[in-house]
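Note: hydrogens, waters and symmetry copies are ignored here, and every other heavy atom, side chains too, is used.
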Amino acid sequence: MSKAALVVMAAGIGSRFGGGIKQLEPVGPNGEIIMDYSVKDALAAGFDKVVFVIRKDIEKDFKEIIGRRIEQQVEVAYVFQELSDIPQQYQEKLEGRTKPWGTGQAILAARNLIKEPFLVINADDYYGKEGFRIVHDYMVNEMDDTKDTFDMCMAGFILSNTLSE
């Protein structure tokens, strides 16, 4: 196994952000957004595909701000997280809902684009180089790709190392 995809969940509506598209907000000295750092670290670790899970209404801005740049470096795919894309038995629960369903639905939306082991990250979180390397190395060197389903793993962080005083 040599392929590994990075799935970037970037469809959030940023209701607590106060306006704009938080996933596309510059944070770096040269206008970088958090995804710039995450994708760079993931590519350095060996990931060879990026799947962006976005909302249809941010597609144009998303591609202009980051997508077209990343497409020059690695295989990129886009999928839209839409309320209508949930299993039939849950459709009745959609009545009156306008927000996406969150992480589970975001990953479900990408199901037709991912055929290799994959790592899921949030667009607005920074994980650091080492985390990408460790997960990638495990996925390509330890996972058994001869089975019908892939093994799973999850990177975790020690809570006390992630909180401010």
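- Considering only heavy atoms from C-beta on, Phe47 comes within 4.5 Å of Met139 through its side chain.
- Under the 4.5 Å side-chain heavy-atom criterion for ILVMFWY residues, a single connected hydrophobic cluster contains both Leu43 and Val135.
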Inset, instruction - Evaluate the criterion side chain to side chain contact (heavy atoms under 4.5 Å, CB included) for residue pair Ile65 and Ile33; output intermediate values, then yes/no. - result: CA-CA 9 Å; Ile65 293 171; Ile33 61 176; 4.2 Å; yes
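- In the hydrophobic cluster analysis, where Ile, Leu, Val, Met, Phe, Trp and Tyr join through side-chain heavy atoms closer than 4.5 angstrom, Val53 is grouped apart from Phe80.
- Pairing each heavy atom of Arg68 with each of Tyr78, the nearest pair is N-OH, 4.3 Å.
- Rounding to the nearest 0.5 Å gives a distance of 13.0 Å between CZ of Phe132 and CG of Asp137.
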Inset, instruction - Would you check, one step at a time, whether the test side chain to side chain contact (heavy atoms under 4.5 Å, CB included) holds for Met35 with Phe62? - result: CA-CA 11 Å; Met35 281 183 279; Phe62 194 93; 3.6 Å; yes
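- Asp57 is linked by a salt bridge (Lys or Arg N to Asp or Glu O under 4.0 Å) to Arg55, counting only residues two or more places apart in sequence or in another chain.
- Cluster partners of Ile134 are absent, since no Ile, Leu, Val, Met, Phe, Trp or Tyr has side-chain heavy atoms less than 4.5 Å from it.
- Every residue two or more places apart in sequence or in another chain that forms a side-chain hydrogen bond (donor to acceptor under 3.5 Å, both in side chains) with Arg69 is listed here: Asp36.
- Val51 and Val140 fall into different hydrophobic clusters, defined by Ile, Leu, Val, Met, Phe, Trp and Tyr side-chain heavy atoms under 4.5 Å apart, directly or through other members.
- With hydrogens and angles disregarded, a donor-acceptor distance shorter than 3.5 Å links the side chain of Tyr127 to the backbone of Asn122.
- Listed by chain and number, the hydrophobic cluster partners of Leu108 come to none, as no ILVMFWY side chain reaches under 4.5 Å of it.
- Taking both residues in full, the closest heavy atoms of Pro117 and Met143 are given as CB-SD, 4.0 Å, listed atom of the first, atom of the second, then distance.
- A distance of 4.5 Å separates CD1 in Ile121 from CG in Leu6, rounded to the nearest 0.5 Å.
- For Glu59, the side-chain hydrogen bond (donor to acceptor under 3.5 Å, both in side chains) partners at least two apart in sequence or on another chain are Lys56, Lys63.
- We find the CD1-CG distance between Ile66 and Asp61 to be 13.0 Å, quoted to the nearest 0.5 Å.
- Summarising the geometry of Ala106 relative to Gln81, their closest heavy-atom pair is N-NE2, 3.5 Å, with the distance given to 0.1 Å.
- Smallest separation of non-hydrogen atoms from Ile58 and Ala10: CD1-O, 3.5 Å.
- Remark: Glu71 pairs with no residue by the salt bridge (Lys or Arg N to Asp or Glu O under 4.0 Å) rule, at least two apart or across chains.
- For the pair Tyr126 and Ile34, the tightest heavy-atom approach, listed with the atom from each and the gap, is N-CG2, 4.1 Å.
- The shortest non-hydrogen separation linking Asp48 to Glu75 is O-CB, 3.9 Å.
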Inset, instruction - Begin from the C-alpha positions of Ile114 and Glu116 and carry the test side chain to side chain contact (heavy atoms under 4.5 Å, CB included) through to its verdict. - result: CA-CA 6 Å; Ile114 302 169; Glu116 59 274 288; 3.6 Å; yes
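- Tracing side-chain contacts under 4.5 Å through hydrophobic residues (I, L, V, M, F, W, Y), one reaches Val76 starting from Val8; they form part of the same cluster.
- Distance check: Phe118 CZ to Lys3 NZ gives 16.0 Å after rounding to the nearest 0.5 Å.
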Inset, instruction - Take Val79 and Phe52 through the side chain to side chain contact (heavy atoms under 4.5 Å, CB included) test and state the conclusion after the steps. - result: CA-CA 6 Å; Val79 65; Phe52 290 113; over 6 Å; no
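- The cluster map of Ile, Leu, Val, Met, Phe, Trp and Tyr, joined by side-chain heavy atoms under 4.5 Å apart, puts Met9 and Val39 in different clusters.
- Interatomic distance, NZ of Lys60 versus CD of Glu64, reported as 4.0 Å (0.5 Å rounding).
- To the nearest 0.5 angstrom, Asn141 atom CG is 8.0 Å from His136 atom NE2.
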